[in-house]
Amino acid sequence: MLLKDKVALITGAGSGIGRASAIRFAEEGAKVMVADVRTESAANTAAEIGQAGGTAKSIAVDVRVGAEVQRMVEETVKLFGRLDVLFNNAGVYVPKNVVDTTEEEWDWVVDVCLKGVFFGCKYAIPHMVKQGGGVIINTASGAGIEGVPNLGAYQAAKGGVVIMSKGIALDFARHKIRCNTICPGVIETPIAENCNNIPAGASAQIWARSGVMHPLGRNGKPEEVAALATFLASDQAAFITGVAMPIDGGFNAGAFIPPELLRGR
Ligand SMILES: NC(=O)c1ccc[n+]([C@@H]2O[C@H](COP(=O)([O-])OP(=O)(O)OC[C@H]3O[C@@H](n4cnc5c(N)ncnc54)[C@H](O)[C@@H]3O)[C@@H](O)[C@H]2O)c1
């Protein structure tokens, strides 16, 4: 087991990547605090882990609110005695360029995706320093390391997460705290339905179009991102800190031209 007896706290764990990671972390022996603004979803993930024989508890948190994030961290330490892994994963997006983005939309996206990560690190790191080390994983995006159309606020937030995480890696390396970022391509989760009032089940239409953007010719699965998070959380990654790791079917390798368009050149 890669995470035996480690204590992990995952935000946005009621759905998608966070949910898959909570389940995988628990399978690998971690005790997991499942945090989400949607209380029922978080409780469902924790219950599923419990039914499978793992250890998990859920907690409601709005990562935009510092006092709530502080309470989430403190409850985790109180319940499980320590905090080995913080996975700042909660995120939202608005599919608009900067001209069309309203101030409210900007604040929502940047506060969840960037300020939420800041708060998580701010309140977890002192515990990790005190206990002699820890691991932070932050979910950014391929859109945090490459230009992507129509994601004005999201790009700003995710780019901020990437570079802030590198700074955190430097600031706390001598306290044996590792901090890395995950940068997924399109992953088949309900994020569009959760953020943009797209009807349940309609994501399949988006995925049908987005698969071909990735050189490997398909979108990713939440379980594939969970596998990367598990590795980064584990001692197998003990010499890895300060990286922004793409998991995107080759999207970051360069400008991809689908082979169909290259034929006849
Ligand atoms: N799905 C993708 O294609 C993709 C690609 C790149 C990056 N990401 C990133 O991966 C992360 C997880 O996304 P996902 O695809 O699993 O989406 P998702 O919608 O399935 O899960 C995100 C979770 O975050 C929670 N959340 C939203 N606002 C919150 C808040 N204020 N406080 C606490 N929790 C909150 C939601 O309730 C939801 O359960 C996000 O940071 C997202 O930006 C996703």
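Residues: numbered from 1 along the sequence shown. Read the numbers this way: they start at 1 and go in the same order the structure lists the ligands and their atoms.
- At a 4.0 Å cut-off, at least one heavy atom of A140 sits close enough to ligand 1 to count as contact.
- Atoms OH and CG, on Y93 and N194 in that order, are 10.0 Å from each other to the nearest 0.5 Å.
- Within the 4.0 Å heavy-atom criterion, the part of K158 lying near ligand 1 is the side chain and not the backbone.
- For atom 16 (O) of ligand 1, the closest heavy atom belonging to the protein is I17 N, 2.8 Å.
- The protein heavy atom nearest to atom 20 (O) of ligand 1 is S15 OG, 2.6 Å.
- Contact atoms of ligand 1 toward Y154: 6 (C), 7 (C), 8 (N), 9 (C), 42 (C), 43 (O) (distance under 4.0 Å to a heavy atom of the residue).
- Annotation for V109 and V94: closest pair CG2-CG2, 3.7 Å, computed over non-hydrogen atoms.
- Protein heavy atom closest to atom 32 (N) of ligand 1, with residue, atom name and distance, is V63 N, 3.0 Å.
- Distances shorter than 4.0 angstrom occur between a heavy atom of P190 and an atom of ligand 1.
- Between N138 and S165, the side chains place a donor N or O and an acceptor N or O closer than 3.5 Å (distance only, hydrogens not considered).
- Annotation for A140 and T181: closest pair CB-CG2, 3.2 Å, computed over non-hydrogen atoms.
- Looking only at protein heavy atoms, the nearest one to atom 17 (O) of ligand 1 is I191 CB, 3.4 Å.
- Among protein heavy atoms, atom 22 (C) of ligand 1 sits closest to G91 O, 4.0 Å.
- For the atom pair CZ (R24) and CD1 (I17), the distance works out to 14.5 Å, reported to the nearest 0.5 Å.
- Considering backbone and side-chain N/O atoms, G18 never comes within less than 3.5 Å of an N/O atom of ligand 1.
- Considering only non-hydrogen protein atoms, atom 29 (C) of ligand 1 sits nearest to V37 CG1, 3.6 Å.
- Nearest non-hydrogen protein atom to atom 15 (O) of ligand 1 is T189 OG1, 2.5 Å.
- Ring orientation note: the planes of F172 and H175 are tilted relative to one another, at an angle of 30° to 60°.
- Residue-ligand proximity, G16 to ligand 1, at heavy-atom distances under 4.0 Å covers atoms 16 (O), 20 (O).
- For NZ of K96, the number of neighbouring non-hydrogen atoms (other residues, nucleotides, ligands) closer than 6.0 Å is greater than 12.
- Within a 6.0 Å radius of CZ in R178, more than 12 heavy atoms belonging to other residues, nucleotides or ligands are found.
- Close approach of ligand 1 to V92 is summarised as follows: ligand atoms under 4.0 Å from at least one heavy atom of the residue are 27 (C), 28 (N).
- Side-chain atoms of S41 never come within 3.5 Å of backbone atoms of S15 as a donor-acceptor pair (strictly under, hydrogens ignored).
- Summarising the contacts of atom 39 (O) of ligand 1 with D36, V225, I206, V34, the nearest heavy atom is found in D36.
- Both the backbone and the side chain of D62 come within 4.0 Å of ligand 1, counting heavy atoms alone.
- If you number the atoms of ligand 1 from 1 as listed, the ones under 4.0 Å from a heavy atom of N194 come out as 18 (P), 19 (O), 20 (O).
- Remark: Q205 CD is loosely packed, at most 12 non-hydrogen atoms of other residues, nucleotides or ligands lying under 6.0 Å away.
- By the neighbour-count criterion of 12 heavy atoms within 6.0 Å, atom CD1 of I163 is sparsely surrounded, having that number or fewer from other residues, nucleotides or ligands.
- Across all their heavy atoms, K57 and F80 have their closest contact at CB-CZ, 4.3 Å.
- Heavy atoms of V112 found under 4.0 angstrom from ligand 1 belong exclusively to the side chain.
- Heavy-atom contacts of V61 reach the following atoms of ligand 1: 32 (N), 33 (C) (cutoff under 4.0 Å).
- Those atoms of ligand 1 with a heavy atom of V186 less than 4.0 angstrom away are 3 (O).
- Put simply, the side chain of N180 gets close to the backbone of I240: a donor and an acceptor are under 3.5 Å apart.
- At a heavy-atom cutoff of 4.0 Å, ligand 1 is contacted by no atom of C195, backbone or side chain.
- Protein heavy atom in closest approach to atom 5 (C) of ligand 1: G185 O, 3.0 Å.
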